[in-house]
Number of protein chains: 2
Amino acid sequence: MIAKCSVDYAGRLSAHLPLATRLLMVKSDGSLLVHSDGGSYKPLNWMSPPCTLTVGEPDSVQTDAGITETWTVTHAKTGDKLVVSIYETLHDSAHELGSDPGLQKDGVEAHLQKLLAEQIDLLGDGHTLVRREYMTAIGPVDILARDAQGASVAVELKRRGDIDGVEQLTRYLELMNRDPHLAPVSGVFAAQEIKPQARTLAEDRGIRCLVLDYDAMRGLDNADGRLF
Amino acid sequence: MIAKCSVDYAGRLSAHLPLATRLLMVKSDGSLLVHSDGGSYKPLNWMSPPCTLTVGEPDSVQTDAGITETWTVTHAKTGDKLVVSIYETLHDSAHELGSDPGLQKDGVEAHLQKLLAEQIDLLGDGHTLVRREYMTAIGPVDILARDAQGASVAVELKRRGDIDGVEQLTRYLELMNRDPHLAPVSGVFAAQEIKPQARTLAEDRGIRCLVLDYDAMRGLDNADGRLF
DNA sequence: ATCTAAATTTCGGAA
DNA sequence: TTCCGAAGTTTAGAT
């Protein structure tokens, strides 16, 4: 629906949208989205499900102000309330969409980890996989491997290699190097992109940096890409 | 526009939406939103501005598959690409909305700070406000007050009290207690909701926890809300 | 422009 | 179910 409207929200905060022409989207679960003709994907205002929408007639004061209809959307659990005052309806249509199969995504850290585990020699010739998500007292190391000489190698994987990731790997290495079964453990910081600051910090701590080419790794994995 | 479509995205990740009926919203800045009939306000897939949309004719293979139209949205800077394959158009309409005055909001941390400053006795009987946003070398303390005995009290305010907030307040307290004009400074961690871990850490460090009832504070402040 | 922190965050996975 | 952390995060404010 396209309508001239003003919107008031009272819930976790109070907010008001002055009179303007906007797009109103009512989903089948009762949720409501108020969009302007620009900006990002985030609506100007909204109500998340579960919620209920009730359409009401304006009182005499509201009618005099030019309001033809009022929509009230309430969130049962939280008590949040959204009130849309409609002044003029420019377009109104309803459609049955049916359920959506949902988004399939990949390319995240999990997939990167799976690919690197399969192509463990990217760490260097003769490397072998010990296991993914190797558990330590302070959390799981993304990948534990052994180099050609049999020495332990701990790998921290990130999509974007930042300082935080280096710190994380440093903590793991410190801990693992106290374990006589594992020590000495060297570290590899692997990411699709490594920030200069992160690289400097890592190399300063003797951690090797490895930039991963995701497309190439995926191409090696299976050549039948879904896209294009 | 309502259409049967499938969507492919290649950018920071790869994603695919199988064939289904969905709502497609094209904004005046060229951005595109793909919504299903449910879920939250977040689209299934989208392209943020600045980006450009080009409508293309399907090739023979695509035509055989039932595709009548293809939309390609590209983000100039990042190279992200979104391809919408349209199989059937169920509804199509365009509207001029004009610019939006934008959202007016209040009730966030700033409002909470204002309310607590006005109702400073919530910290305890006899407390007085020194000032809001008291500046220190490492940043502003949300509220500085004095208790009934005249001792300094530093308050860190959060909507949701988390570990981070306790760490923040701890840093402030450490610094302020080195200042002979202020010391001794006690700490109060005030929030609408305090996570158990944060509470434990705070109390372990001698920081008092204070849960704030925003609605009650607002009710005390003024009974004439803008809404309803 | 760059960075930091909050968000009516939303969303997914693990404990 | 709850908690924790990432997100194609987005957004607003400050430096």
Side-chain angles (χ1 to χ4, degrees), chain A residues 7-17 31-34 39-49 51 73-75 77-82 102-110 112-113 133 135 139-140 157-160 162-165 168 192-193 195 197 214, chain B residues 7-17 31-34 38-49 51 73-75 77-82 102-113 133 135 138-140 142 156-165 167-168 191-193 195-198 214:
Chain A
V7 183
D8 287 289
Y9 167 73
R12 273 162 285 188
L13 57 72
S14 300
H16 174 74
L17 281 171
S31 58
L32 174 74
L33 283 68
V34 181
S40 68
Y41 66 68
K42 194 176 180 181
L44 292 167
N45 219 325
W46 72 92
M47 186 64 80
S48 304
C51 61
V73 192
T74 49
H75 190 110
K77 226 165 194 175
T78 63
D80 289 18
K81 189 193 251 182
L82 191 69
L103 188 68
Q104 303 164 5
K105 58 175 157 178
D106 56 39
V108 286
E109 190 178 313
L112 212 55
Q113 184 186 115
E133 301 286 346
M135 209 57 200
L157 259 175
K158 290 289 172 200
R159 196 170 58 76
R160 269 181 29 225
D162 223 329
I163 295 268
D164 288 352
Q168 198 176 335
Q192 279 187 269
E193 175 200 353
K195 292 288 175 71
Q197 289 187 338
Y214 176 63
Chain B
V7 183
D8 287 289
Y9 167 76
R12 273 164 284 190
L13 57 71
S14 300
H16 174 73
L17 281 171
S31 58
L32 174 74
L33 283 69
V34 181
S40 68
Y41 67 68
K42 195 175 179 181
L44 291 167
N45 221 323
W46 72 94
M47 186 63 79
S48 304
C51 61
V73 192
T74 49
H75 190 108
K77 224 162 194 175
T78 62
D80 289 17
K81 189 194 247 183
L82 191 69
L103 188 67
Q104 302 163 6
K105 60 174 156 179
D106 55 43
V108 283
E109 190 178 314
H111 194 197
L112 210 57
Q113 186 187 113
E133 302 286 348
M135 209 59 202
I138 55 171
D142 288 335
E156 177 63 35
L157 258 175
K158 291 287 174 200
R159 201 171 58 75
R160 271 180 30 221
D162 222 327
I163 295 268
D164 288 350
E167 297 286 7
Q168 200 174 334
Q192 281 186 268
E193 175 200 355
K195 292 289 176 68
Q197 289 188 338
Y214 177 60

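Within every chain, numbering begins at 1; the chains are lettered A, B, ... in the order of the sequence lines, protein sequences first and strands thereafter.
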Student: Phosphate oxygens OP1/OP2 of dT9(C): is one of them under 4.0 Å from a side-chain N or O of Ser40(B)?
Tutor: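 Answer is no, no contact under 4.0 Å.
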Student: I want to check something: taking the side chain as every heavy atom from C-beta on, are Tyr41(A) and Met47(B) in contact at a cut-off of under 4.5 Å?
Tutor: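 No. Closest side-chain heavy atoms not under 4.5 Å.
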Student: Could you list all N or O pairs between the protein and nucleotides 12-15 of chain D that sit under 3.5 Å apart?
Tutor:
none

Student: Within a strict 4.5 Å, meaning less than it, do heavy atoms of the Val34(A) and Leu17(A) side chains meet?
Tutor: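 Counting from C-beta outward, Val34(A) and Leu17(A) do come under 4.5 Å.
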Student: Would you classify Thr78(B) as touching base, sugar-phosphate or nothing, given that sugar-phosphate means primed atoms plus P, OP1 and OP2, and contacts are heavy atoms under 4.0 Å?
Tutor: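 It contacts nothing in the nucleic acid.
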Student: Side chains of Trp46(B) and Leu32(B), heavy atoms from C-beta outward: is any pair under 4.5 Å?
Tutor: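 A side-chain contact under 4.5 Å is absent here.
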Student: Without decimals, in angstroms, what is the distance between Trp46(B) CH2 and dC11(C) P?
Tutor: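 About 10 Å, once rounded to whole Å.
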Student: CG of Asp142(B) versus C1' of dA6(C): gap in Å, rounded?
Tutor: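 Nearest whole value for this atom pair: 13 Å.
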Student: Looking only at heavy atoms, what is the nearest atom pair of Cys51(A) and Val73(A), with distance?
Tutor: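 It is SG-CG1, 3.7 Å.
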Student: Taking any heavy-atom pair under 4.0 Å as a contact, classify Met47(B): base, sugar-phosphate, or nothing.
Tutor: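 The residue Met47(B) makes base contact.
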Student: Atom NZ of Lys42(B) to atom P of dT9(D): distance rounded to whole Å?
Tutor: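 The answer, rounded to whole Å, is 9 Å.
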Student: Which sits closer to the 5' end of DNA chain C, Leu103(B) or Gly39(B), going by the nucleotide each is nearest to?
Tutor: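 Comparing both residues, the 5'-ward one is Leu103(B).
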Student: Check Ser31(A) against Ser48(A) and note the closest heavy-atom contact, atom names and distance.
Tutor: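 Closest pair (atom of Ser31(A), atom of Ser48(A), distance): CB-C, 4.3 Å.
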Student: Could you tell me the separation between the CG atom of Leu33(A) and the C1' atom of dT9(C), rounded to a whole number of Å?
Tutor: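 In whole Å, dT9(C) C1' and Leu33(A) CG are 14 Å from each other.
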Student: Expressed as a whole number of angstroms, how long is the span from His75(B):NE2 to dT9(D):P?
Tutor: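 Roughly 12 Å, once rounded to whole Å.
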Student: Could you walk me through whether Val7(B) and Leu82(B) pass the side-chain contact (heavy atoms from CB on, under 4.5 Å) test, one step at a time?
Tutor: CA-CA 7 Å; Val7(B) 183; Leu82(B) 191 69; 3.7 Å; yes
Student: Output the rounded distance in Å from OH (Tyr41(B)) to P (dT10(D)).
Tutor: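 These atoms are roughly 10 Å apart.
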